[in-house]
*Asks:* 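A single structure is presented below for examination.
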Amino acid sequence: MRFGIHTMDDFSLKGKTVLVRVDMNQPVDHETGTLKNTNRIAACVPTILELMEKGAKIVLMAHQGSDIEYHNFYTTEPHAKVLSEMLDCPIGFVDDVCGPAARQAIRSLEDGQVLLLDNVRFVSEEQTLFEKALKLDHDAQAKTLLVRKLAPLADVFVCDAFAAAHRDQPSICAFPKVLPSAMGRLFEKEYCILSELLEEPEQPCVFVLGGAKVQDAFLMLKTVLKKGAVHKVLTGGLVANILLWAAGAEIGQKSRAFISDNGYAGLVETGKELLAKFADKIMLPQDVAAKEGETRAEYSIGEIPSDCGILDIGSVTSQKYKNEIENAATVFVNGPMGVFEDAQMCLGTESIWKALADTKAFTVVGGGDSVTAASRFGVKEQIGYICTGGGAMIRFLTGEELPAVAALREAAQKNP
Ligand code: ADP
Ligand code: MG
């Protein structure tokens with residue numbers, strides 16, 4: 001038991017059918033039907049390997065999204081192939097989620113064998129639209145098809161999908177209602193690292209916050225600043241644009257339109273409140289970059305043209321941020337400093353990410369795009385810990401209990 005949740009040490013697993021929820025959601029190359037990245041699959045390996053060694057019959061449930069949010073229709077078949085290469089043994093796959101074919105495949109498993117079911121979001125009750133529209137509680141989720149069909153075949157449920165822990169869906173939150181349940185090793189590790197970051201990071205602790213998921217980013221900022229455990233927050237991306245606007249700086253018509261069109265104008269007020277309370281902690285860019293025709297132009301704050309669209313932090317800011325990172329003991333990073341996908345607008349992110357590689361501080365990077373940037377700039381191996389979660393990680397750091405954690409904790413209380 002750890003954090004009030006059972007671990008895989010708490011159950012005898014030999015010969016048991018163990019239903020494991022993993023998060024292997026990766027970007028897909030639709031032309032070739034292959035996965036563009038496999039880091040999340042690799043992160044699932046320790047739990048699966050341990051279950052194999054313990055002689056469990058292992059049933060993996062996973063989802064795979066598409067490029068467009070809420071269109072989740074892509075098979076997990078390529079994942080089985082990748083996983084079997086990583087584990088160097090055959091991994092069963094069935095193109096069914098909880099129908100007769102899936103159930104038959106589960107019943108035929110032998111000790112130590114692994115079966116991956118097809119995309120759980122092929123079942124309507126697992127879809128994000130269903131989650132958001134109906135908001136079923138966990139008891140109601142336990143009556144959905146997936147749970148009614150699969151739970152009777154399993155002895156234990158293991159949740160290893162930390163990256164999906166902020167989702168309130170049956171495959172994550174309902175099995176703990178009806179089965180003895182534990183968190184997997186990856187879940188345990190991510191929980192542990194992030195709760196240390198939230199509670200007692202080694203000081204000075206610096207947060208690097210950029211990217212475009214501003215709603216959760218602002219909530220998280222509020223929590224960590226209130227807790228007082230953060231020395232400095234270095235801002236970039238859309239987060240910085242909103243804070244600059246809140247600080248009364250001219251950020252240009254295109255920047256303002258981008259913020260308003262995405263429904264984030266309300267956050268300018270939140271930004272003002274944060275700046276009023278924590279001005280000494282929050283660092284804003286002193287200069288920024290935008291496109292002038294096809295080339296990169298940098299402007300100091302105060303000299304930004306009125307039609308500007310800010311797409312990166314400037315070089316003076318990069319240098320300042322690098323000094324903070326160099327002198328920190330802990331650095332947490334989520335969200336790139338600019339539109340790093342663009343060859344001209346990647347400079348800010350590139351120089352900060354290189355500083356992460358060079359610092360002696362313990363560095364934690366999370367978020368799909370942030371990790372992609374670490375690969376692109378060749379610093380991934382030098383990062384202290386790469387978190388598989390993006391949304392889940394930020395939500396965790398807002399201090400709010402994640403649905404998966406609530407479900408696992410309740411299961412442990414019921415069944416100590
Ligand atoms: P992560 O995936 O690491 O959690 P996000 O998804 O929150 O990060 O943000 C990444 C996206 O933010 C990238 O696609 C990047 O192009 C975009 N972005 C960064 N800076 C800006 C900016 N100034 N304006 C608009 N988009 C930005
Ligand atoms: Mg992203």
Side-chain angles (χ1 to χ4, degrees), residues 23 25-27 36-37 39-40 65 67-69 162-164 166 194 207-221 234-245 249 251-265 267 284-285 287-291 296-299 301 304 308-314 317-318 321 331-353 356 363-377 379-380 383 385-398:
D23 189 330
N25 189 27
Q26 305 271 212
K36 289 191 205 164
N37 195 339
N39 69 310
R40 276 191 177 156
D67 297 336
I68 316 159
E69 217 184 347
F162 188 83
H166 59 314
L194 292 182
F207 270 57
V208 179
L209 207 53
K213 280 195 295 290
V214 288
Q215 219 110 32
D216 279 340
F218 272 66
L219 268 180
M220 172 176 85
L221 254 188
L234 319 180
T235 61
L238 213 52
V239 177
N241 292 3
I242 293 175
L243 286 169
L244 285 169
W245 187 354
I251 56 171
Q253 171 53 30
K254 287 201 196 87
S255 309
R256 282 193 300 273
F258 190 88
I259 293 166
S260 302
D261 293 349
N262 283 288
Y264 301 141
L267 287 175
L284 298 177
D287 59 345
V288 296
K291 286 218 161 173
R296 177 182 172 102
E298 296 204 352
Y299 308 103
I301 304 302
I304 296 175
C308 188
I310 301 172
L311 298 175
D312 195 10
I313 58 173
T317 305
S318 289
Y321 286 5
V331 185
F332 167 80
V333 184
N334 177 248
M337 295 290 96
V339 180
F340 74 99
E341 298 89 343
D342 182 306
Q344 313 242 14
M345 295 302 147
C346 68
L347 297 184
T349 306
E350 182 170 12
S351 82
I352 299 304
W353 263 230
L356 297 174
T363 50
V364 180
V365 176
D369 293 292
S370 302
V371 175
T372 302
S375 302
R376 177 158 322 160
F377 303 131
V379 300
K380 204 169 154 200
I383 303 295
Y385 187 71
I386 300 248
C387 190
T388 60
M393 174 188 69
I394 297 186
R395 194 77 66 79
F396 185 96
L397 294 174
T398 65

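Order of listing sets the numbers, starting from 1, for every ligand and every atom in it.
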*Asks:* Under 4.0 Å, heavy-atom basis, I'd like to know which part of Val371 is in contact with ligand 1: side chain, backbone, both or neither.
*Replies:*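 Neither; nothing of Val371 gets under 4.0 Å from ligand 1.
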*Asks:* Once you round to the nearest 0.5 Å, how far does CG of Asp261 lie from NZ of Lys254?
*Replies:*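 Between Asp261 CG and Lys254 NZ, I get 13.0 Å after rounding to 0.5 Å.
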*Asks:* If only atom types and distance count, is the side chain of Ser370 paired as donor or acceptor with the main-chain N or O of Val365 below 3.5 Å?
*Replies:*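 No; judged by distance alone, with no hydrogens or angles, the pair does not exist.
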*Asks:* Measure the CG-CG distance between Leu221 and Asp216 for me, rounded to the nearest 0.5 Å.
*Replies:*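 Those atoms lie 11.5 Å apart.
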*Asks:* I need the nearest protein heavy-atom contact for atom 3 (O) of ligand 1: residue, atom name and distance, please.
*Replies:*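 Going by distance alone, atom 3 (O) of ligand 1 is nearest to Ser370 OG, 2.5 Å.
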*Asks:* Check whether any N or O atom of Asn334, backbone or side chain, sits under 3.5 Å from an N or O atom of ligand 1, and answer yes or no.
*Replies:*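 It does: an N or O of Asn334 is found under 3.5 Å from an N or O of ligand 1.
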*Asks:* Check each heavy atom of Ile310 against ligand 1 and say whether those closer than 4.0 Å belong to the side chain, the backbone, both or neither.
*Replies:*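 For Ile310, the contact with ligand 1 is made by the backbone alone.
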*Asks:* Would you sort out whether Phe258 and Leu238 count as a side-chain contact (heavy atoms from CB on, under 4.5 Å), showing the intermediate values?
*Replies:* CA-CA 9 Å; Phe258 190 88; Leu238 213 52; 3.5 Å; yes
*Asks:* Is the closest heavy atom of Gly210 to ligand 1 under 4.0 Å?
*Replies:*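 No; Gly210 lies far enough from ligand 1 that no heavy-atom distance drops under 4.0 Å.
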*Asks:* What are the atoms of ligand 1, with element, lying closer than 4.0 Å to any heavy atom of Gly367?
*Replies:*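 The list of qualifying atoms is 1 (P), 2 (O), 3 (O), 4 (O).
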*Asks:* At a 4.0 Å threshold, what atoms of ligand 1 neighbour a non-hydrogen atom of Asn241?
*Replies:*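 Counting atoms of ligand 1 from 1, those under 4.0 Å from Asn241 are 23 (N).
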*Asks:* Tell me, which protein residue and heavy-atom name are nearest atom 27 (C) of ligand 1, and how many Å apart are they?
*Replies:*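 Going atom by atom, the protein heavy atom closest to atom 27 (C) of ligand 1 ends up being Val339 CG2, 3.7 Å.
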*Asks:* Look at ligand 1 and say whether Gly390 reaches it with a heavy atom at a distance under 4.0 Å.
*Replies:*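 Contact absent.
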*Asks:* What's the verdict on side-chain contact (heavy atoms from CB on, under 4.5 Å) for Thr349 and Arg376, showing C-alpha distance, side-chain angles and the deciding distance?
*Replies:* CA-CA 11 Å; Thr349 306; Arg376 177 158 322 160; over 6 Å; no
*Asks:* Would Phe218 and Thr398 count as a side-chain contact (heavy atoms from CB on, under 4.5 Å) here? Give the steps.
*Replies:* CA-CA 9 Å; Phe218 272 66; Thr398 65; over 6 Å; no
*Asks:* Would you compute the distance between atom CD of Gln26 and atom CG of Asn37 and round it to the nearest 0.5 angstrom?
*Replies:*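 The CG atom of Asn37 is 5.0 Å from CD of Gln26, to the nearest 0.5 Å.
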*Asks:* Which of the N/O/S atoms in Asp369 sits closest to the Mg ion (ligand 2)?
*Replies:*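 Distance check against the Mg ion (ligand 2) picks out OD2 in Asp369.
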*Asks:* Closest non-hydrogen protein atom to atom 16 (O) of ligand 1, residue and atom name please, with distance?
*Replies:*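 For this ligand atom, the closest protein heavy atom is Glu341 OE1, 2.7 Å.
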*Asks:* Give me the residue, atom name and distance of the protein heavy atom closest to atom 6 (O) of ligand 1.
*Replies:*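 Result for atom 6 (O) of ligand 1: Asp369 OD2, 3.1 Å.
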*Asks:* Test your reading of the structure: does Ala212 have an N or O sitting under 3.5 Å from an N or O of ligand 1?
*Replies:*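 Yes; at least one N/O pair falls below 3.5 Å.
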*Asks:* May I ask you to decide if the ring planes of Phe377 and Phe340 are parallel, tilted or perpendicular, using 30° and 60° as cut-offs?
*Replies:*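 Perpendicular, since the angle between the ring planes exceeds 60°.
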*Asks:* Give the intermediate values and the outcome of side-chain contact (heavy atoms from CB on, under 4.5 Å) for residues Thr363 and Trp353.
*Replies:* CA-CA 10 Å; Thr363 50; Trp353 263 230; over 6 Å; no
*Asks:* For atom 24 (N) of ligand 1, find the nearest protein heavy atom and state the residue, atom name and distance (0.1 Å precision).
*Replies:*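 In this structure, atom 24 (N) of ligand 1 has Leu238 CD1, 3.9 Å as its nearest protein heavy atom.
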*Asks:* Where the side chain of Thr317 meets the backbone of Ile313, is there a donor-acceptor pair that is under 3.5 Å apart?
*Replies:*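 Checking the backbone N and O of Ile313 against the side chain of Thr317, no donor-acceptor pair under 3.5 Å is found.
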*Asks:* Show me which atoms of ligand 1 lie under 4.0 Å from any heavy atom of Pro336.
*Replies:*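 Answer, ordered by atom number: 8 (O), 9 (O), 10 (C).
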*Asks:* Which atoms of ligand 1 sit under 4.0 Å from any heavy atom of Phe258?
*Replies:*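 So the answer, numbered in order with elements, is 25 (C).
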*Asks:* Got a donor-acceptor contact below 3.5 angstrom from the Arg296 side chain to the Gln344 backbone?
*Replies:*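 Yes, Arg296 side chain to Gln344 backbone: donor-acceptor pair under 3.5 Å.
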*Asks:* Going by the order shown, which atoms of ligand 1 are within less than 4.0 Å of some heavy atom of Lys213?
*Replies:*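 That gives atoms 1 (P), 2 (O), 4 (O), 5 (P), 6 (O), 7 (O), 8 (O) of ligand 1.
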